[in-house]
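Since the model is a prediction, treat every value here as computed from it, not as a measurement.
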Amino acid sequence: MPCSKQPDYVQALCLLQWPLSYLFIFWILQPLCVCLLFTSLWPLPILYLIWLFLDWKTPEQGGRRSSWVRNWYIWTHIRDYFPITILKTKDLSPEHNYLMGVHPHGILTFGAFCNFCTEATGFSKTFPGITPHLATLSWFFKIPFVREYLMAKGVCSVSQPAIDYILSHGSGNLVGIVVGGVKEALQSVPNTTTLLLQKHKGFVRTALQHGAHLVPTFTFGETEVYDQLLFHKDSKMFKFQHFFRRIFGFYFCVFYGQGFRQGSTGLLPYHRPIVTIVGEPLHLPHIEKPTQEMVDKYHALYVDALQKLFEQHKTHYGCSDTQKLLPL
């Protein structure tokens, strides 16, 4: 779907709802609830706190998705801004569960969000009978109202209990994990395909413990939508980024894109196509206590499958024939 050279104001404003929704929750909704405690409407925040207490474990027990939220029309504007598409190479049978590796992280993971947290790109039609869950930082689910917003879109906690629950209750479940984690965001600059993967093997162990099939995916264009300022490892800014990560769980990235006016610089991402290729699932045995040798074996098979997926599609989606996937 073609995009205009001039940013579309409707699509751009819809795109800004992502950070604005969190600002609304943090700076308006939560302070409003505190203020209501000192008014005649005090029962409302009290009831929510009681609900929060009773519902505390829901994020680790499959969550609470809403098909209504996943089908909001606003997501189609975000899809069309880039545009974002999803392409399957093989069908996924609803008779199995799947653990999907999401690569690369990018700055804000637009592709993973639009493809797996909404129906804007038609996930349920592309993979009928499969229920997707995209895993994110656990502490997000401890924040009032943020947790409801995330769960409604099918986002789950990346904690081990949450993933174990989904993969052990029924079939047709798919959990997407951004394997490189938040640290991979620091690798997100245009014309790069560097993944933090070689030392990240926990997702393979989890797949073996549940007999879940491993699904490699690669999102072309995810690292092209923003430019990022990279800092030397000895610089104060680099050390601040790691300090920020220890406090908040993610890195403070200094990035920029385009503004509302043509040729200007701003925080809107560039109009670059984002295409998520979903590879063929790797069939894993069900081993409750896999050895390190088993984990290493299937991790190597996964890395090989991911590299083949990248090589097969790279020239179709903006990468040069000589560009290689670099799993660190």
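In K88, the NZ atom is crowded: over 12 heavy atoms of neighbouring residues, nucleotides or ligands sit closer than 6.0 Å. Around atom CH2 of W42, no more than 12 heavy atoms belonging to other residues, nucleotides or ligands sit under 6.0 Å away. Annotation: E95, atom CD; neighbour count of heavy atoms from other residues, nucleotides and ligands within 6.0 Å does not exceed 12.
For the pair K201 (side chain) and V295 (backbone), a donor-acceptor distance under 3.5 Å is absent. Judged by distance alone, the side chain of Q258 and the main-chain N or O of L268 form no donor-acceptor pair under 3.5 Å. Formation of a donor-acceptor pair under 3.5 Å by the T118 side chain with backbone atoms of C114 is found in this model. Between the side chain of N97 and the main chain of N173, a donor-acceptor pair closer than 3.5 Å is present. Between the E222 side chain and the P104 main chain, no donor and acceptor come within less than 3.5 Å of each other. In terms of modelled atom types and a separation under 3.5 Å, the side chain of S93 and the main chain of H96 share no donor-acceptor contact. Distance alone, capped at 3.5 Å, places no donor-acceptor pair between the Q307 side chain and the P327 backbone. Panel note: side chain S171, backbone P94; a donor-acceptor pair is recorded below 3.5 Å. With hydrogens and angles disregarded, a donor-acceptor distance shorter than 3.5 Å links the side chain of H286 to the backbone of Q209. Under the 3.5 Å distance criterion, the side-chain polar atoms of E184 are left unmatched by any main-chain donor or acceptor of G106.
The CD1 atom of I46 sits 12.5 Å away from the CG atom of L41 when rounded to the nearest 0.5 Å. Atoms CZ and OG1, on R147 and T58 in that order, are 6.0 Å from each other to the nearest 0.5 Å. In this structure, T89 OG1 and I277 CD1 are separated by 8.0 Å, a value rounded to the nearest 0.5 Å. Between the CG atom of L150 and the CZ atom of F145 there is a distance of 13.5 Å, given to the nearest 0.5 Å. Distance CG/L92 to CD/E280: 10.0 Å, rounded to 0.5 Å. Rounding to the nearest 0.5 angstrom, the gap separating the CD1 atom in I166 from the CG atom in L174 is 10.0 Å.
When only modelled atom types and interatomic distance are considered, S124 and E119 share a side-chain donor-acceptor pair under 3.5 Å. For the residue pair T194 and T192, no side-chain donor N or O sits within less than 3.5 Å of a side-chain acceptor on the partner. Checked by atom type, the side-chain pair T206/Q160 shows a donor-acceptor distance below 3.5 Å. In the model, T121 has a side-chain atom that pairs as donor or acceptor with a side-chain atom of N115 under 3.5 Å.
Counting heavy atoms from C-beta outward, Y48 and W51 have side chains that approach closer than 4.5 Å. Side-chain contact between K314 and T193: absent, with no pair of heavy atoms (C-beta onward) separated by less than 4.5 Å. Counting heavy atoms from C-beta on, the side chains of K324 and E311 come closer than 4.5 Å. C319 has its side chain within reach of F220: a pair of non-hydrogen atoms, C-beta onward, lies under 4.5 Å apart. F231 is listed as a side-chain neighbour of V254, based on a closest heavy-atom distance under 4.5 Å. Between V303 and L306 the shortest side-chain heavy-atom distance does not fall below 4.5 Å. Side-chain contact between H105 and Q187 is absent, with no heavy-atom pair separated by less than 4.5 Å. In this structure, Q292 and R205 have side chains that are in contact, with non-hydrogen atoms separated by less than 4.5 Å.
A chain of hydrophobic side-chain contacts below 4.5 Å, direct or via other Ile, Leu, Val, Met, Phe, Trp or Tyr residues, connects I74 to F82. Hydrophobic clustering (side-chain heavy atoms under 4.5 Å, transitive across Ile, Leu, Val, Met, Phe, Trp, Tyr) groups V204 together with L197. Following chains of ILVMFWY side-chain contacts shorter than 4.5 Å, one can reach L229 starting from F244, so the two form part of one hydrophobic cluster. Cluster annotation: V275 is not connected to V278 through the hydrophobic network of ILVMFWY side chains, with a link wherever side-chain heavy atoms come within less than 4.5 Å. Both I130 and F116 belong to a common hydrophobic cluster when Ile, Leu, Val, Met, Phe, Trp and Tyr are linked at side-chain heavy-atom distances under 4.5 angstrom.
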Set out, in order, the CA-CA distance, both residues' side-chain angles and the distance that settles side-chain contact (heavy atoms from CB on, under 4.5 Å) for W56 and F141, then state yes or no.
CA-CA 9 Å; W56 191 252; F141 295 93; over 6 Å; no
Given the rule in the side-chain contact (heavy atoms from CB on, under 4.5 Å) test, do M151 and D55 qualify, once you have shown the distances and angles that lead to the verdict?
CA-CA 12 Å; M151 284 193 292; D55 193 59; 4.1 Å; yes
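Minimum heavy-atom separation, T217 to Y302: N-OH, 4.3 Å. Pairing each heavy atom of S157 with each of I163, the nearest pair is O-CG1, 4.1 Å. Taking both residues in full, the closest heavy atoms of C117 and V155 are given as SG-CG2, 3.7 Å, listed atom of the first, atom of the second, then distance. Contact detail for G62 and Y165: the closest heavy-atom pair is N-CD2, 3.5 Å.
The aromatic rings of W75 and W72 lie parallel to each other, their planes meeting at an angle below 30°, with 60° marking the opposite boundary. Ring pair F310/F218 is perpendicular by interplanar angle, where above 60° counts as perpendicular and below 30° as parallel.
Close placement of the F127 and F123 rings is indicated, their centers lying within 6.0 Å of each other. Two rings, from Y251 and H242, have their centers less than 6.0 Å apart. Taking the six-membered ring for Trp and the full ring otherwise, the centers of H213 and Y98 sit less than 6.0 Å from each other. Aromatic pair Y81/H271: centroids less than 6.0 angstrom apart.
Cation-pi geometry between K239 and F243 is not met at under 6.0 angstrom from the ring centre and within 45 degrees of the axis.
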